[in-house]
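From a predicted model like this one, the values you see are computed outputs, not experimental measurements. So you know, we letter chains A, B, ... as the sequences are listed, proteins then strands, and number each from 1.
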Amino acid sequence: MAELKDLTKRAENYSQWYNDLVVKADLAEQSAVRGCMVIKPYGYAIWEKMQQQLDKMFKATGAQNAYFPLLIPKSFLSREAEHVEGFAKECAVVTHYRLKTNDTHDGVVVDPEAKLEEELIVRPTSETIIWNTYKNWIQSWRDLPLMCNQWCNVMRWEMRTRPFLRTSEFLWQEGHTAHATREEAEQEAQQMLKVYADFAENYMAVPVVQGVKSETERFAGALDTYTIEAMMQDGKALQSGTSHFLGQNFAKAFDVKFLNKENKEEYVWATSWGVSTRLIGALIMTHSDDNGLVLPPALAPIQVVIVPIAGKPEQKQKVDEAIIPVISKLQSDGYSVKYDDADNKRPGFKFADYELKGVPVRLVIGARDLENGTIEVMRRDTLEKETRPIEGIAEYVETLLADIQKNMLVKAKAWRDAKIHECDNYEEFKEKIKEGGFFLCHWDGTAETEAKIKEETQATIRCVPFGYEQTPGTDMVSGKPSKARVIIARSY
RNA sequence: CGGGGUGUAGUUCAGUCCGGUAGAAUACCUGGUUUGGGACCAGGGGGUCGUAGGUUCGAAUCCUGUCGCCCCGACCA
């Protein structure tokens with residue numbers, strides 16, 4: 001791993017280190033299309049693990065999967081005023097539907113004859129097309145709640161991109177729900193936020209702060225935006241999932257009404273919620289060290305890798321005999337195990353490579369172990385090695401994986417908590433924010449104060465955190481009274 | 001779109017100031033020896049130096065235009 005360590009030292013900043021890690025760990029690479037990313041098999045395997053788990057959790061709340069079109073008629077986007085404001089600027093637009101060969105017959109040009117009457121927008125998010133569809137699906141209170149989720153790609157023509165954290169095209173899921181009452185919709189939005197927080201902490205081992213966004217940071221068209229905010233190792237915040245209470249804005253814009261039990265016509269109440277491949281970025285930036293990725297067992301495509309050390313064929317056979325029962329046991333218990341007995345790479349190379357890829361547990365077995373009836377176990381999170389009897393090793397590895405999962409969260413949480421501070425002095429804040437971290441500060445609730453902080457420190461209000469004991473105080477910038485503390489941080 | 005950097009072998013880069021046969025490491029291919037922390041030896045393949053034009057006997061190197069990429073900022077999941 002000397003190579004990556006050097007890069008870390010040489011790296012001018014954390015972003016550079018992160019980009020190198022993404023490439024070296026074989027997760028993704030840059031595509032030929034500006035701002036887009038090729039997700040490589042190993043990176044995609046992590047996404048698949050996330051999808052599987054999230055899908056289970058969504059279905060447990062009653063949501064169903066569906067799919068809506070990639071292309072959205074331009075007029076749909078102008079139906080909801082705030083939504084237009086928020087998304088109009090950064091969309092890819094389809095204007096023609098045909099190409100033709102050029103005059104010199106060595107290429108193609110856009111056929112001017114094939115101009116669309118109405119341009120189509122490559123979805124930056126699907127609220128509009130989904131609400132246009134929901135209009136036809138909802139007539140009665142009996143049709144509610146309607147809860148659909150779709151796994152898809154979206155495109156936003158971002159000015160500046162980084163792999164996984166912000167790409168022009170990205171994979172995500174977006175849930176869109178319709179409810180009969182305001183209370184039910186609000187509850188749904190909050191419930192989904194809890195699902196995301198649960199997933200982040202218990203599967204990704206990424207501790208998050210749950211809270212509600214300030215007006216300026218709110219989703220375009222929402223009444224409330226709930227967020228989970230994670231802290232990366234450079235102390236910057238990463239918005240890792242959002243859940244929006246949309247009120248009746250989209251119902252009114254797309255005329256989605258239902259007859260209630262009293263036979264009265266009412267607009268439905270809406271929510272939307274989503275997480276994206278950005279979660280992979282959060283995973284990388286929360287846990288990785290200079291040896292590479294550190295993946296939580298719950299999401300690691302390979303949970304256990306076994307490296308045999310055997311030069312001669314007869315020795316290899318003995319190693320196989322000793323280890324194959326262990327592999328079978330682990331696999332039948334549902335663990336993903338890789339037995340890397342390829343003889344074209346030396347053990348040292350494999351050790352470094354699987355560390356780079358973040359495999360949680362590594363087992364090594366060779367002649368020395370065969371004599372002693374032992375096996376070497378290494379855990380990726382702490383890099384600790386120990387030699388144990390091979391007897392009962394499968395059971396030991398299973399408890400070890402559970403322990404790694406738990407330890408990663410504890411470690412990340414302790415690290416993060418040490419970087420969360422209350423702060424009541426703006427001058428002090430300006431100094432401290434340079435080193436990153438979350439700051440709990442009183443805020444007078446005005447956009448002016450928010451803008452001033454952003455302008456002077458590049459930090460933004462991440463959220464008003466839930467579950468934090470609030471007492472009234474004074475805004476550190478304006479000196480005006482404040483009802484609650486908010487989380488302020490620099491962010492990705 | 002502003003500021004800074006950079007385009008040379010699959011990859012990371014040296015060579016550019018001061019013009020003169022296209023380089024290194026790594027990766028790759030072949031053969032052999034190896035295998036408990038990124039192996040070694042021998043041999044081999046691979047680049048019209050981003051691109052267009054100019055200066056010159058001669059350009060990766062100098063001049064002009066142009067395009068791409070990276071980092072920092074504005075925008076955002």
Side-chain angles (χ1 to χ4, degrees), chain A residues 1-7 10-20 23-24 29-35 85-91 124-125 154-174 196 213 216-220 225 227-230 237-244 272-282 291-292 307-312 315-316 319 341-356 362-372 374-376 378 383 385 387 454-455 458 460 490-492:
Chain A
M1 265 329 300
E3 210 183 347
L4 191 64
K5 271 181 186 152
D6 286 350
L7 282 169
R10 239 194 303 144
E12 284 170 19
N13 56 47
Y14 190 65
S15 297
Q16 187 68 54
W17 171 82
Y18 169 80
N19 289 347
D20 288 335
V23 173
K24 287 186 185 303
E29 64 187 30
Q30 203 185 14
S31 118
V33 183
R34 177 206 162 275
E85 276 299 302
F87 281 101
K89 297 161 206 155
E90 48 178 24
C91 292
T125 177
V154 290
M155 175 162 272
R156 299 176 187 180
W157 213 261
E158 300 289 352
M159 296 170 191
R160 180 150 169 246
T161 58
R162 310 168 195 270
F164 290 115
L165 298 183
R166 182 172 303 103
T167 43
S168 293
E169 181 189 11
F170 58 95
L171 303 181
W172 77 348
Q173 60 65 218
E174 47 179 329
Y196 289 151
K213 286 282 186 192
T216 40
E217 296 278 328
R218 202 179 275 162
F219 175 74
T225 288
T227 175
I228 50 172
E229 298 283 330
L238 184 73
Q239 183 174 323
S240 305
T242 48
S243 178
H244 313 289
S272 69
W273 28 273
V275 292
S276 69
T277 36
R278 175 179 264 197
L279 290 180
I280 297 174
N291 287 9
V307 179
I309 295 173
K312 312 234 163 16
Q315 214 172 50
K316 170 66 169 48
V319 168
D341 60 354
D343 59 5
N344 58 356
K345 292 274 184 278
R346 302 177 88 247
F349 181 91
K350 293 179 187 173
F351 297 165
D353 195 47
Y354 289 111
E355 273 163 36
L356 181 60
R362 183 186 73 215
L363 300 178
V364 179
I365 182 163
R368 207 162 70 196
D369 297 294
L370 290 176
E371 271 172 39
N372 304 330
T374 57
I375 191 162
E376 186 188 272
M378 194 217 63
L383 292 169
K385 278 193 275 199
T387 301
K454 188 173 181 182
E455 161 111 30
Q458 289 100 50
T460 50
R490 287 183 179 161
S491 76
Y492 278 100

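Comparing the same atom, P, in B:C17 and in B:A74 gives a spacing of 39 Å after rounding to whole Å. Rounded to the nearest Å, the gap between the P atom of B:A24 and that of B:G19 is 24 Å. The gap from the P atom of B:C18 to that of B:G54 amounts to 24 Å, rounded to the nearest Å. Separating the P atom of B:U21 from that of B:U26 is a span of 26 Å, rounded to the nearest Å. Distance noted for atom P between B:G23 and B:U48: 14 Å (whole Å). B:U61 and B:G7 have their P atoms separated by 13 Å, with the value rounded to a whole Å. With both ends at atom P, the span from B:G53 to B:G58 equals 16 Å, rounded to whole Å. Straight-line distance between the C1' atoms of B:C57 and B:C29: roughly 41 Å, to the nearest whole Å.
Using the Watson-Crick or G-U wobble rule with both distances under 3.5 Å, B:G45 pairs with nothing in any strand shown. B:G10 and B:U26 make up a base pair, with Watson-Crick or G-U wobble contacts both under 3.5 Å. Nucleotide B:C40 forms a pair with B:G32, judged by Watson-Crick or G-U wobble geometry with both contacts under 3.5 Å. Partner assigned to B:U66 is B:G50, using Watson-Crick or G-U wobble distances below 3.5 angstrom. Searching all strands for a Watson-Crick or G-U wobble partner of B:C18 with both distances below 3.5 Å returns nothing. The partner of B:G73 is B:C1, judged by Watson-Crick or G-U wobble contacts that both fall below 3.5 Å.
Here the side chains of A:T374 and A:R368 are not in contact, with every heavy-atom distance at 4.5 Å or above. Looking at A:E355 and A:R362, their side chains come closer than 4.5 Å, going by heavy atoms from C-beta outward.
The side chain of A:K345 contributes no N or O atom lying less than 4.0 Å from OP1 or OP2 of B:G37.
A donor-acceptor contact under 3.5 angstrom links the side-chain atoms of A:K385 to the base of B:G37. Between the base of B:G73 and the side chain of A:Q458 there is no donor-acceptor pair shorter than 3.5 Å.
Between A:I309 and A:V319, the shortest heavy-atom distance links the atoms O-CG2, 4.5 Å. Heavy-atom minimum distance, A:S168 versus A:E158: OG-N, 4.3 Å.
In this structure, of B:C70, B:G36, B:G37, it is B:G37 that holds the atom nearest to the side chain of A:M378. The side chain of A:N19 lies closest to B:C70, out of B:G73, B:G38, B:C70. Picking from B:G38, B:G36, B:C28 the nucleotide with the shortest atom distance to the side chain of A:I309 gives B:G36. Comparing B:C75, B:G38, B:G36 by their nearest atom to the side chain of A:A352 picks out B:G38. Side-chain proximity of A:Q30 to B:C70, B:G73, B:G36: nearest is B:C70.
Among the atoms of the strands shown, base atoms are found under 4.0 Å from some heavy atom of A:T167. Heavy atoms of A:A367 sit under 4.0 angstrom from at least one base atom. Base contact: A:S276 has a heavy atom under 4.0 Å from a base atom. Across all strands, A:F170 comes closer than 4.0 Å to base atoms (heavy-atom distances).
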Scan nucleotides 39-43 of chain B against the protein and return all N/O pairs shorter than 3.5 Å with their distances rounded to 0.1 Å.
{"residue": "B:A39", "atom": "OP2", "partner": "A:R346", "partner atom": "NH1", "Å": "2.8"}
{"residue": "B:A39", "atom": "O4'", "partner": "A:R346", "partner atom": "NH1", "Å": "3.2"}
{"residue": "B:A39", "atom": "N9", "partner": "A:R346", "partner atom": "NE", "Å": "3.4"}

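Between the CZ atom of A:R162 and the P atom of B:C71 there is a distance of 7 Å, given to the nearest Å. The nearest whole Å value for the distance from the CD atom in A:E158 to the C1' atom in B:C1 is 15 Å. Atom pair A:M159:CE and B:C70:P shows a separation of 16 Å (rounding to whole Å applied). Rounded to whole Å, the distance from CG on A:L383 to C1' on B:G37 is 12 Å. In this structure, NZ of A:K316 is placed 16 Å from P of B:G36, rounded to the nearest angstrom. The distance from atom CG of A:N344 to atom C1' of B:U35 is 12 Å, rounded to the nearest whole Å. One atom, CG of A:L165, and another, P of B:C71, lie 11 Å apart when rounded to the nearest Å. Put simply, CD on A:E355 is 12 Å from P on B:G38, counting in whole angstrom units.
With sequence neighbours left out, A:F351 forms a ring-ring contact (aromatic ring centres under 6.0 Å, His included) with no residue at all. With sequence neighbours excluded, the residues that form a side-chain contact (heavy atoms from CB on, under 4.5 Å) with A:S276 are A:F170, A:W172, A:R278. Every ring-ring contact (aromatic ring centres under 6.0 Å, His included) that A:F219 has, sequence neighbours left out, goes to A:H83, A:F87, A:H244. Applying the salt bridge (charged side-chain N to carboxylate O under 4.0 Å, His left out) rule to A:R218 yields no partners; only residues at least two apart in sequence or on another chain are considered. In this structure, the side-chain contact (heavy atoms from CB on, under 4.5 Å) partners of A:E29, at least two apart in sequence or on a different chain, are A:V38, A:K40.
Checking side-chain atoms of A:D20 against main-chain N and O of A:W17 turns up no donor-acceptor pair under 3.5 Å.
Along RNA chain B, the nucleotide nearest to A:D353 and the one nearest to A:Y492 differ in position, and the one closer to the 5' end is contacted by A:D353. Residue whose closest nucleotide on RNA chain B sits further toward the 5' end, between A:T387 and A:E169: A:T387.
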